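This one's a predicted model, so the numbers in the text were calculated from it and none came from an experiment. Just so we're on the same page: letters track the sequence lines, and every chain starts at 1.
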Amino acid sequence: MSRLKGALLFLLPLPLLFGALIGLGTGRLDAFLGDGAGFVLFMAAASLTRRGILSVQAQQTLRFARLERIPLKTIGGLLTGFATGLTAFIAVGHGFALSLAFAAVALLGFHLVYGLEPLGRPRPFDLSDERARKVADALAEAERKLIELERAATTIANPELKLRLQRIGRQGRVILNQIADRPTDLFRARKFLNVYLEGVQQVADGYARTHRLADSRELEQNFRTVLATVEEVFDEQHRRLLKTDLMDLDVQIEVLKKQLTQL
Amino acid sequence: MPDDLTPHRQTPPARPSLGARILGVVLLLSSVWLVSCQALLW
C-alpha cells in the first residue's frame, strides 16, 4: 500500500504533460513551456509529498532517536498550491485573483487528504531536568547505533548471521526500553551503552562492508563467535537490570511495610 | 528526575477523517485536475 502513497498527486497533473507534448508537436512554444513548467512543478511537489509521507512512517518506528526532520509534506503541499496558481495564471491565462483562489483550493484539498505537518519539532520526552536530558540523549544515541546495526544486518547475505544480528538488535531495544522505564538503570548499563553496543555496531558495519570482498571462512567464524558472545552479554545485561529492579522493589516494599507498622 | 522516560509520542499522528479526505480529493480534482485540463484545452 505504501507504494501508492501520494499517487493522486502524480496522476492529476497528467493533462499538463499531454498539453506540453501537443504544444511541442504543433510548434507552440508558449504552450510547451507553460504546460511543461507546471507539470515539472507538480511532479516535484508530488515527489516531496511522497518522501514526506514515507519519512513520517519511518519515524514512527523510532522510540528515542530524534532525527533531523524537514517538513517535506508541507513543502510538497505549498508547492502543489503554487504550481496550481502558476499554471492557472500562465498556462491557462486566468486573472491573478482567480489563480490565487485555485491555489488556495488546491492547498486546502492537499491538507484534507495528506495533512500539513505541525510547525516545530516534536519532543519525544518530557525533559524537565538536566539528568533526564542526559538519559534521553544516551537512549537516542544508543538507538542510532541499533539502527546502524539493523542496517548492516540487511546487507549480510548469510541468513544465520543476519538472524543473529537482528536478534541482537531486538535484545538491545529491550534493554533501552528497560532504561527508559527506569532511568536510574542508565548508570548500571553504561558499559552496555558505551562499550558493547558501540563495539558490535562497528564490527557488524565492518563485516557488512568487507565480507563480499574477502570471502574468508575464518572471518565468518570469528564474526559468528563474537555475535554469540554479544548475545550472551546482552542477555546477561537484561537479566541483571531486571534483577536489580526486583531488588529495588523488594527494598521499597520493606520500607513501606516498616512505615506502615510505625503508624 | 522523572520516574520514567517512556516516550509520549506513541500513537501515530491523527489522519483526517474519511469524509474530510473525500472532500480533499474533490477539491484537488476541481483545482489541480481542472486547471491541468484547462491548460490542455487552451
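With a threshold of 4.5 angstrom between heavy atoms, S99(A) does not approach chain B through any atom at all. Proximity to chain A involves both the backbone and the side chain of L29(B), based on heavy atoms less than 4.5 angstrom apart. Only the side chain of F42(A) comes within contact range of chain B, judged by heavy atoms closer than 4.5 Å. For L16(A), the parts lying under 4.5 angstrom from a heavy atom of chain B are both the backbone and the side chain.
The candidate from L34(B), L28(B), I22(B) with the greatest count of non-hydrogen atom pairs under 4.5 Å with chain A is L28(B). Annotation: maximal heavy-atom pairing with chain B below 4.5 Å, among L11(A), L107(A), V105(A), T80(A), occurs at V105(A).
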Determine whether E141(A) and R144(A) satisfy the following criterion, salt bridge (charged side-chain N to carboxylate O under 4.0 Å, His left out), listing intermediate values before the conclusion.
CA-CA 5 Å; E141(A) 182 60 35; R144(A) 276 189 210 105; 3.4 Å; yes
Please assess T87(A) against F82(A) for the test side chain to side chain contact (heavy atoms under 4.5 Å, CB included), listing each intermediate value before the final yes or no.
CA-CA 8 Å; T87(A) 308; F82(A) 177 69; over 6 Å; no
Take L241(A) and F192(A), measure what side chain to side chain contact (heavy atoms under 4.5 Å, CB included) needs, and give me the verdict at the end.
CA-CA 11 Å; L241(A) 287 179; F192(A) 159 77; over 6 Å; no
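K73(A) places a side-chain N or O within donor-acceptor distance of the main-chain N or O of G115(A), the cut-off being under 3.5 Å. Remark: the backbone N or O of L116(A) is paired with a side-chain donor or acceptor of H111(A) at under 3.5 angstrom.
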